[in-house]
Amino acid sequence: MPKYKVIFESKEEIYGVVPRAGDWVQYSSVLTVKDGGQKPVSLEMTFVPPHPFICNMPDTHSIKAESITVAYAKVIKFFSKFGIEFKN
């Protein structure tokens with residue numbers, strides 16, 4: 001299996017809001033883009049406490065995608081499972 005080089009890496013802060021409660025959710029994450037492979041984009045998310053009143057969020061979540069756009073579409077889908085709206 002070939003090793004791919006990291007061509008871009010950045011620290012991201014991802015926010016969401018629970019509309020019914022007004023609580024904010026924050027994930028600190030690292031976005032990594034490699035120069036090859038089926039899914040060269042990865043987003044490693046780590047939850048920043050406190051948990052919203054309505055639900056307990058997973059402490060970590062990992063996303064692999066074909067592009068950065070697809071990765072953030074998966075973040076929106078992940079948030080919607082918990083009733084959270086993505087905020088940029």
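Just so you know, these numbers come straight off a predicted model, no measurement behind them.
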Inset, instruction - Can you label the angle between the His61 ring and the Phe78 ring as parallel, tilted or perpendicular, going by 30° and 60°? - result: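 The arrangement is parallel - the two ring planes meet at less than 30°.
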Inset, instruction - Using the six-membered ring wherever Trp is involved, compare the ring planes of Trp24 and Tyr15 and label them parallel, tilted or perpendicular (cut-offs 30° and 60°). - result: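 Taking Tyr15 first and then Trp24, their aromatic rings stand perpendicular (interplane angle over 60°).
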Legend entry - Spacing of OG belonging to Ser42 relative to NZ belonging to Lys64, to within rounding of 0.5 Å: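 Going from the OG atom of Ser42 to the NZ atom of Lys64 covers 4.5 Å.
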Inset, instruction - Starting at CD1 of Ile63, measure out to OH of Tyr72 and round the result to the nearest 0.5 Å. - result: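 So the CD1 of Ile63 and the OH of Tyr72 are separated by 9.0 Å.
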Inset, instruction - Take Val25 and Phe82 through the side-chain contact (heavy atoms from CB on, under 4.5 Å) test and state the conclusion after the steps. - result: CA-CA 11 Å; Val25 172; Phe82 296 96; over 6 Å; no
Following the transitive rule for hydrophobic clusters with a side-chain heavy-atom cut-off under 4.5 Å over Ile, Leu, Val, Met, Phe, Trp and Tyr, establish whether [X] and [Y] coincide in one cluster.
{"X": "Tyr4", "Y": "Phe8", "answer": "no"}
{"X": "Ile76", "Y": "Ile84", "answer": "yes"}
{"X": "Val75", "Y": "Val48", "answer": "no"}

Taking all non-hydrogen atoms of both residues, which atom of [X] and which atom of [Y] are closest, and how far apart?
{"X": "Leu43", "Y": "Ser29", "value": "CD1-OG, 3.7 Å"}
{"X": "Gly36", "Y": "Pro40", "value": "O-CB, 3.5 Å"}
{"X": "Ala65", "Y": "Ala71", "value": "CB-N, 3.6 Å"}

Inset, instruction - Would you mind checking if Glu13 and Lys11 are paired as a salt bridge, meaning a charged N to carboxylate O distance below 4.0 Å? - result: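 Between Glu13 and Lys11 there is a salt bridge, with a charged N closer than 4.0 Å to a carboxylate O.
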Mind checking whether [X] and [Y] have side chains closer than 4.5 Å, heavy atoms only?
{"X": "Val41", "Y": "Val70", "result": "no"}
{"X": "Ile14", "Y": "Phe86", "result": "yes"}
{"X": "Glu12", "Y": "Tyr27", "result": "no"}

Inset, instruction - Might you work through the side-chain contact (heavy atoms from CB on, under 4.5 Å) test for Ile68 and Leu31, ending with a clear yes or no? - result: CA-CA 9 Å; Ile68 294 173; Leu31 175 68; 4.2 Å; yes
Inset, instruction - Flag yes if more than 12 heavy atoms outside Lys5 fall under 6.0 Å of its NZ atom; otherwise flag no. - result: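 Not more than 12 within 6.0 Å, no.
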Inset, instruction - Verify the neighbour count for atom NZ of Lys34: are there more than 12 heavy atoms of other residues, nucleotides or ligands below 6.0 Å? - result: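 12 or below, so no.
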Inset, instruction - Keeping the roles fixed (side chain from Ser80, backbone from Gly83), state whether a donor-acceptor pair exists under 3.5 Å. - result: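 Not a single qualifying donor-acceptor pair exists.
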Legend entry - Backbone N/O of Thr46 and side chain of Ser28: donor-acceptor pair under 3.5 Å: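 It does not hold such a pair.
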Inset, instruction - Run the numbers on Ser62 and Glu44 for side-chain hydrogen bond (donor to acceptor under 3.5 Å, both in side chains), then give the verdict. - result: CA-CA 5 Å; Ser62 180; Glu44 301 296 327; 2.9 Å; yes
